[in-house]
Chemist: 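What follows is a structure written as structure tokens; I'll ask about it next.
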Amino acid sequence: KLAAGGSQGTIQVWRTSNTELLLKINAHDNWVKGVLWSPDGQQLVSASTDKTIKFWDSSNGCRIGQPCTGHTHWIYSLAISSDGSFIATASHDMTVRLWSTKSHQQIGQALEHTSYVFCVAISPSGELLASGDWYGNL
């Protein structure tokens with residue numbers, strides 16, 4: 001399956017073998033800038049320019065729990081740990097934030113950059129985090 005976000009605030013899920021549209025989720029009030037699968041494939045996680053992160057049941061498109069809130073500007077990208085226990089988000093508010101996938105609460109303090117943060121990645125062990133900003137700083 002393939003999941004993608006779009007400018008209408010939707011997430012679409014297609015079957016890759018025949019491009020059949022399986023799900024269309026009205027997910028956010030603005031652009032969906034990032035969407036990913038949980039490691040077990042049971043959930044989708046989306047991030048938006050509406051400043052929220054949301055969790056979805058990948059089989060039926062129903063929202064799971066409350067959105068993660070705390071960013072003060074657009075969220076550009078997200079990554080999930082290999083064990084599925086936390087996600088990281090990169091934002092126009094010049095921060096990277098970590099979130100629990102169980103409680104949907106922020107973990108610790110925001111990690112600050114000196115410019116907009118566009119991308120984030122988590123190492124396979126979950127011990128390291130990489131993020132990139134507007135000026136090319138990693």
Side-chain angles (χ1 to χ4, degrees):
K1 295 178 186 177
L2 171 71
S7 63
Q8 304 294 314
T10 61
I11 298 168
Q12 295 184 345
V13 178
W14 293 274
R15 185 181 316 279
T16 54
S17 61
N18 63 5
T19 67
E20 172 191 1
L21 181 63
L22 300 173
L23 267 177
K24 183 175 182 180
I25 305 168
N26 293 316
H28 291 271
D29 295 330
N30 213 323
W31 285 80
V32 175
K33 297 296 277 182
V35 62
L36 55 76
W37 297 92
S38 61
D40 65 7
Q42 300 300 305
Q43 294 183 34
L44 291 166
V45 186
S46 58
S48 171
T49 56
D50 70 8
K51 304 179 252 181
T52 66
I53 302 102
K54 296 181 181 178
F55 296 75
W56 308 93
D57 184 313
S58 64
S59 67
N60 60 22
C62 290
R63 196 175 82 197
I64 300 169
Q66 293 300 309
C68 299
T69 59
H71 279 293
T72 59
H73 215 297
W74 302 339
I75 303 168
Y76 288 118
S77 69
L78 73 166
I80 193 164
S81 61
S82 59
D83 66 2
S85 65
F86 70 96
I87 59 170
T89 52
S91 174
H92 193 85
D93 68 8
M94 300 189 278
T95 68
V96 171
R97 297 173 192 251
L98 303 178
W99 309 89
S100 166
T101 56
K102 293 198 183 343
S103 69
H104 300 184
Q105 297 298 307
Q106 186 172 319
I107 301 167
Q109 297 295 313
L111 308 172
E112 296 183 8
H113 272 254
T114 56
S115 184
Y116 317 132
V117 190
F118 287 103
C119 55
V120 65
I122 301 168
S123 68
S125 69
E127 294 178 19
L128 300 174
L129 179 74
S131 57
D133 70 19
W134 174 259
Y135 295 115
N137 296 313
L138 192 59

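Since we're looking at a predicted model, the values are computed, not measured.
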Chemist: Set out, in order, the CA-CA distance, both residues' side-chain angles and the distance that settles side chain to side chain donor-acceptor pair (under 3.5 Å) for Trp37 and Ser58, then state yes or no.
Modeler: CA-CA 8 Å; Trp37 297 92; Ser58 64; over 6 Å; no
Chemist: Please check this pair: side chain of Thr101 against backbone of Ser85, looking for a donor-acceptor N/O pair closer than 3.5 Å.
Modeler: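 Between the backbone of Ser85 and the side chain of Thr101 there is a qualifying donor-acceptor contact (under 3.5 Å).
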Chemist: How about Trp31: does its CH2 atom have over 12 heavy atoms from other parts shown lying under 6.0 Å from it?
Modeler: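 No, CH2 of Trp31 has 12 or fewer neighbouring heavy atoms, counting only those of other groups under 6.0 Å.
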Chemist: Are side-chain heavy atoms of Leu129 and Leu111 found at a separation under 4.5 Å?
Modeler: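 Sidechains of Leu111 and Leu129: in contact.
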Chemist: Do Gln66 and Arg63 have side chains that approach each other closer than 4.5 Å (heavy atoms only, starting at C-beta)?
Modeler: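 Counting from C-beta outward, Gln66 and Arg63 do come under 4.5 Å.
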Chemist: Look only at the side chain of Asp93 and the backbone of Thr72, and say whether a donor-acceptor pair between them is shorter than 3.5 Å.
Modeler: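 Checked: pair present.
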Chemist: Aromatic rings His28 and Trp56: how do their planes relate, parallel, tilted or perpendicular, breaks at 30° and 60°?
Modeler: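 Judged by the thresholds at 30° and 60°, the geometry between His28 and Trp56 is perpendicular.
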Chemist: Run the numbers on Ser115 and Asp133 for side chain to side chain donor-acceptor pair (under 3.5 Å), then give the verdict.
Modeler: CA-CA 6 Å; Ser115 184; Asp133 70 19; 5.3 Å; no
Chemist: Provide the closest heavy-atom pair for Ser131 versus Val96 in the form atom of the first, atom of the second, distance.
Modeler: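 Heavy atoms only, the tightest pair is CB-CG2, 3.6 Å.
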Chemist: To the nearest 0.5 Å, tell me how far Lys51 NZ sits from Asp29 CG.
Modeler: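 Going from the NZ atom of Lys51 to the CG atom of Asp29 covers 11.0 Å.
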Chemist: What is the minimum heavy-atom distance between Leu138 and Ala130, and which atoms define it?
Modeler: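 Shortest heavy-atom separation between Leu138 and Ala130 comes out as CD1-CB, 4.4 Å.
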Chemist: Kindly say whether Val13 contributes a backbone atom to a donor-acceptor pair with the side chain of Lys1 at under 3.5 angstrom?
Modeler: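 Not a single qualifying donor-acceptor pair exists.
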Chemist: Grab the two heavy atoms, one from Pro39 and one from Ser82, that are nearest each other, plus how far apart they are.
Modeler: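 The answer is CG-O, 3.4 Å.
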Chemist: Report whether Ile87 and Ile75 are members of the same hydrophobic cluster (ILVMFWY, side-chain heavy atoms less than 4.5 Å apart, transitive linking).
Modeler: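 Cluster IDs for Ile87 and Ile75 match.
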Chemist: In terms of the angle between their ring planes, are His92 and Tyr116 parallel, tilted or perpendicular, with boundaries placed at 30° and 60°?
Modeler: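 The arrangement is parallel - the two ring planes meet at less than 30°.
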Chemist: Enter the distance from Phe118:CZ to Ser91:OG here, rounded to the nearest 0.5 Å.
Modeler: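 Here the interatomic distance stands at 10.0 Å.
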Chemist: Going from CD on Gln43 to OG on Ser59, what distance comes out if it is rounded to the nearest 0.5 angstrom?
Modeler: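 Taking CD in Gln43 and OG in Ser59, the distance rounds to 10.5 Å.
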Chemist: Which value, rounded to the nearest 0.5 Å, describes the distance between His113 atom NE2 and Thr95 atom OG1?
Modeler: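 So the NE2 of His113 and the OG1 of Thr95 are separated by 9.0 Å.
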Chemist: Do Tyr135 and Met94 share a hydrophobic cluster, counting only Ile, Leu, Val, Met, Phe, Trp and Tyr and linking them when any side-chain heavy atoms are less than 4.5 Å apart?
Modeler: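 Cluster IDs for Tyr135 and Met94 match.
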Chemist: Hey, could you give me the CG/CG distance between Asp40 and Asp83, rounded to the nearest 0.5 Å?
Modeler: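 Asp40 CG to Asp83 CG: 11.0 Å, rounded to 0.5 Å.
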Chemist: Consider only side-chain heavy atoms of I, L, V, M, F, W and Y, link residues closer than 4.5 Å, and tell whether Phe86 and Val120 are in one cluster.
Modeler: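 Hydrophobic grouping puts Phe86 with Val120.
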Chemist: Does Thr10 reach the main-chain N or O of Ile25 with its side chain, forming a donor-acceptor pair under 3.5 Å?
Modeler: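 No, because the side chain of Thr10 does not come within donor-acceptor range (under 3.5 Å) of the backbone of Ile25.
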Chemist: How far does CD of Gln42 sit from CG of Asp57, to the nearest 0.5 angstrom?
Modeler: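 Gln42 CD to Asp57 CG: 7.5 Å, rounded to 0.5 Å.
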Chemist: Evaluate side chain to side chain donor-acceptor pair (under 3.5 Å) for Ser17 paired with Arg15, printing each intermediate quantity in order.
Modeler: CA-CA 6 Å; Ser17 61; Arg15 185 181 316 279; 4.7 Å; no
Chemist: Could you pull out the closest heavy-atom pair between Trp14 and Thr19, with the gap in Å?
Modeler: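 Result for this residue pair: CD1-O, 3.5 Å.
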Chemist: Counting N and O atoms only, with roles assigned by atom type, does the side chain of Asn30 sit under 3.5 Å from a partner on the main chain of Thr49, one being a donor and the other an acceptor?
Modeler: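 No, the answer is negative, given that no donor and acceptor are paired below the 3.5 Å cut-off.
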Chemist: Please indicate whether Glu20 has more than 12 foreign heavy atoms, meaning atoms of other residues, nucleotides or ligands, lying under 6.0 Å from its CD.
Modeler: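 Check passes, neighbour count above 12.
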Chemist: Is there a side-chain contact between His104 and Phe55 in this structure, where contact means two heavy atoms from C-beta onward sitting under 4.5 Å apart?
Modeler: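 Answer yes - side chains close enough.
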Chemist: Mind checking whether Val32 and Leu36 sit in one hydrophobic cluster, side chains of I, L, V, M, F, W, Y counted as touching below 4.5 Å?
Modeler: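 No, separate clusters.
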Chemist: Quick check: is Ile122 connected to Val117 through a chain of hydrophobic side chains (ILVMFWY, heavy atoms under 4.5 Å apart)?
Modeler: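 Yes, because Val117 and Ile122 connect within a single hydrophobic cluster, where side-chain heavy atoms sit under 4.5 Å apart.
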Chemist: Is any side-chain heavy atom of Val45 closer than 4.5 Å to a side-chain heavy atom of Ile53?
Modeler: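 Yes; the side chains approach each other to less than 4.5 Å.
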Chemist: Judged by atom type as modelled, is there a donor-acceptor pair below 3.5 Å linking the side chain of Ser100 to the main-chain atoms of Lys102?
Modeler: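 It does hold such a pair.
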